[in-house]
**Student:** 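Sharing a structure here in structure tokens format.
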Amino acid sequence: MIDELRAVLGDAAVLTGAEIPRKNCSDWSKLPDIEPLALVRPATTEEVAHVLRLCNRYGQAVTPQGGLTGLVGGARPSPSTLALSLERLTGVEQVDARTATLTARAGTTLETVQRAADDAGLLFALDIGSRGSCTLGGNLATNAGGNRVLRYGMARDLTLGLEVVLADGTILSSMNTMVKNNTGLDLKQLFIGTEGTLGVITRAVVRLHSKPAGMLNAFCRCADFSAVLALLASAQTQLADTVSSFEVMWPSFYDLVITRLPQLRRPLASGPGLYCLLEATAADLAADGARFEAFLSQSLERGMLTDAVIAQSQREAGEFWAIRGAGSEYPRILGEINSFDISFRRDDIGRVVNRLESELAARWPGIHALTYGHVGDGNIHLIVNLPGVTTQPKEEISDLVYGVVREFQGSISGEHGIGTRKLNYLSNSRSAEELAFMRRVKRAVDPGNLLNPGKVLPAPETGE
Ligand SMILES: Cc1cc2nc3c(=O)[nH]c(=O)nc-3n(C[C@H](O)[C@H](O)[C@H](O)COP(=O)(O)OP(=O)(O)OC[C@H]3O[C@@H](n4cnc5c(N)ncnc54)[C@H](O)[C@@H]3O)c2cc1C
């Protein structure tokens, strides 16, 4: 099979053994490396189809790989799989300003897509911290979220059409560019968020939005979580759909990162309460800026917030966001961490965080449990680290956290996906009937279980 692949793709596109770069053996989950059987790097959709046709013939399983920034082990090869990297299938094919759509190949980085939209005077609204390395195909396969979901939705909401190669090598072109199209099954949704288990995404048509004249940012403090919810509701009424982000940082997060990372500038002194980063888009900087400021003073008078500072420049806004984005520094300041990406009904979040932080502290005194996240979307991130312990009790910590998720009927994954990391906890968020139906879909679309085996869906219960 390797010889046949080389004959069609060329030697440089099929690597084995020591030729395989280490980066293709795992992803940002930092799970231990697994060397794939081979690494193939097709440069066209037809080449992807050729690889999958051959794999289908030989019964060879495949792990699709994008930018390898996933946090749950989805792109990490399973033992004996072929890694299929989309890194050579790159390029923005078209930006159509009249229909506000962009067509790109799956291996194009998110940053390149954003830049192409920007050059055409438009906005591709998906934005995540890994933008320089993650790919459009990976973003769609994981249904990525990020900082502006509140205003523009997740990757799913920004996608109009897809081209996908199925497990048997069939090219399924569904490159719809229309906003309205009710013609039976919305096929693209089968592949968005299913982490490469149903097909390999090769091209996509995404929606663009008009580019705001600027962004308005305020770093605020609220007395408690009910004040946070009141501030958010009021912002969404008064500033309407200009509110693009509403991020909340609990003191467990703010106090630690602001003291441990001297490069961060402290916008507000540490004190009682929670910290919020409110961002709104401006069509007219002067008029919308005045409205934003008036909204904040009124919120202060009404007691929804106790302090606030408005960014006076892009640099200052960047400093606010650097605090919220301090996550990439965790390994340096904390060592090994256990990270959670969980979501809930917005109004449950205050109680959930109190429960999680207090139960973790009671079970492991001195534990770090840093909480922050996209509260506007009901999604929080929790970083747990037991200081001075070389082997973190990962499983016990996960059991505790996902137990609380189950109790509050939340989701074990807000935006990062399941991969292999959360496989054993999927039933905390999905019913037995839902899991059985997902397996039926998988069997129907990929009967040989060749696409990303061992990811997303746990092995069936005996008898199912
Ligand atoms: C610093 C940092 C910040 C991050 N911030 C966010 C955030 O705010 N929000 C968020 O949602 N995520 C975030 N992430 C996680 C990650 O960047 C996203 O999950 C991203 O969408 C993954 O894209 P990728 O190209 O790196 O995919 P990979 O990691 O390569 O793959 C992810 C999954 O998609 C599959 N896949 C990849 N390409 C394809 C394809 N073409 N067809 C089919 N399946 C494919 C893989 O098999 C795997 O299951 C962050 C990660 C880092 C490191």
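All ligand and atom numbering here is 1-based and tracks the order in the structure. Along the sequence shown, residues are numbered consecutively beginning with 1. Please read all numbers here as calculations on a predicted model, not as lab measurements.
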**Student:** Is there a heavy atom of His416 sitting under 4.0 angstrom from any atom of ligand 1?
**Tutor:**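 The answer is yes, since His416 has a heavy atom less than 4.0 Å from ligand 1.
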**Student:** How far is atom 11 (O) of ligand 1 from its nearest protein heavy atom, and which residue and atom name does that atom have?
**Tutor:**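 Nearest protein contact, heavy atoms only, for atom 11 (O) of ligand 1 is Gly145 N, 3.0 Å.
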**Student:** Determine, considering heavy atoms only, which of Asp127, Val72, Asn452, Ile201 sits nearest to atom 42 (N) of ligand 1.
**Tutor:**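 Heavy atom nearest to atom 42 (N) of ligand 1 belongs to Ile201.
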**Student:** Determine, considering heavy atoms only, which of Gly74, Ala144, Gly137, Gly199 sits nearest to atom 43 (C) of ligand 1.
**Tutor:**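 That would be Gly199.
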**Student:** Ignoring hydrogens, just give me the one of Ala83, Pro64, Ser26 whose non-hydrogen atom is nearest atom 46 (C) of ligand 1.
**Tutor:**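 Ranked by closest heavy atom to atom 46 (C) of ligand 1, first place is Pro64.
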**Student:** Kindly confirm or rule out an N or O of Glu415 lying under 3.5 angstrom from an N or O of ligand 1.
**Tutor:**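 N/O-N/O distance under 3.5 Å: yes.
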**Student:** Can you tell me how far apart CG (Asn147) and OH (Tyr152) are? Round to the nearest 0.5 Å.
**Tutor:**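 Asn147 atom CG to Tyr152 atom OH measures 12.5 Å (nearest 0.5 Å).
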**Student:** Decide side-chain hydrogen bond (donor to acceptor under 3.5 Å, both in side chains) for Glu163 and Ser173; before the verdict, give the C-alpha distance in whole Å, the side-chain angles of both, and the deciding distance to 0.1 Å.
**Tutor:** CA-CA 4 Å; Glu163 178 187 81; Ser173 180; 4.5 Å; no
**Student:** Should Lys211 and Asp118 count as an ion pair when the cut-off is N to O under 4.0 Å?
**Tutor:**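 A salt bridge is present here (some side-chain N lies under 4.0 Å from a carboxylate O).
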**Student:** Would you mind checking which non-hydrogen protein atom is closest to atom 32 (C) of ligand 1, with the distance to 0.1 Å?
**Tutor:**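 Checking every protein heavy atom, the shortest distance to atom 32 (C) of ligand 1 gives Thr142 CG2, 3.6 Å.
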**Student:** Is any NZ, NE, NH1 or NH2 atom of the basic residue among Asp119 and Arg115 found under 4.0 Å from an Asp or Glu carboxylate oxygen of the other?
**Tutor:**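 Between Arg115 and Asp119 there is no salt bridge, as every charged N stays at least 4.0 Å from the carboxylate O atoms.
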**Student:** Please state which protein non-hydrogen atom is closest to atom 6 (C) of ligand 1 and give its distance, to 0.1 Å?
**Tutor:**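 Of the protein heavy atoms, Ile128 CB, 3.7 Å lies nearest.
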**Student:** Do me a favour and list the nearest non-hydrogen protein atom to atom 34 (O) of ligand 1 with residue, atom name and distance?
**Tutor:**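 Result: Ala141 CB, 3.4 Å.
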**Student:** At what distance is the nearest protein heavy atom to atom 22 (C) of ligand 1, and which residue and atom is it?
**Tutor:**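 The answer is Thr69 OG1, 3.4 Å.
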**Student:** Name the closest protein heavy atom to atom 31 (O) of ligand 1, giving the residue it belongs to and the distance to 0.1 Å.
**Tutor:**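 Result for atom 31 (O) of ligand 1: Ala75 CB, 3.6 Å.
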**Student:** Can you pull out the closest protein heavy atom to atom 50 (C) of ligand 1? Residue, atom name and distance to 0.1 Å, please.
**Tutor:**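 The protein heavy atom lying closest is Ser130 OG, 3.7 Å.
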**Student:** Among protein heavy atoms, which lies nearest atom 28 (P) of ligand 1, and at what distance?
**Tutor:**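 For atom 28 (P) of ligand 1, the nearest protein heavy atom is Leu68 N, 3.5 Å.
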**Student:** Is it true that a side-chain atom of Asp377 and a backbone atom of Leu150 form a donor plus acceptor pair closer than 3.5 Å?
**Tutor:**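 Present.
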**Student:** Can you tell me if Arg41 uses its side chain to pair, donor with acceptor, with the backbone of Val14 under 3.5 Å?
**Tutor:**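 Not a single qualifying donor-acceptor pair exists.
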**Student:** What I want to know is whether Val200 and ligand 1 share at least one N or O pair that is separated by under 3.5 angstrom.
**Tutor:**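 It does not: no N or O of Val200 is found under 3.5 Å from an N or O of ligand 1.
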**Student:** Is Glu319 paired with Arg266 through a side-chain N to carboxylate O contact shorter than 4.0 Å?
**Tutor:**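 Answer for the salt bridge query: no.
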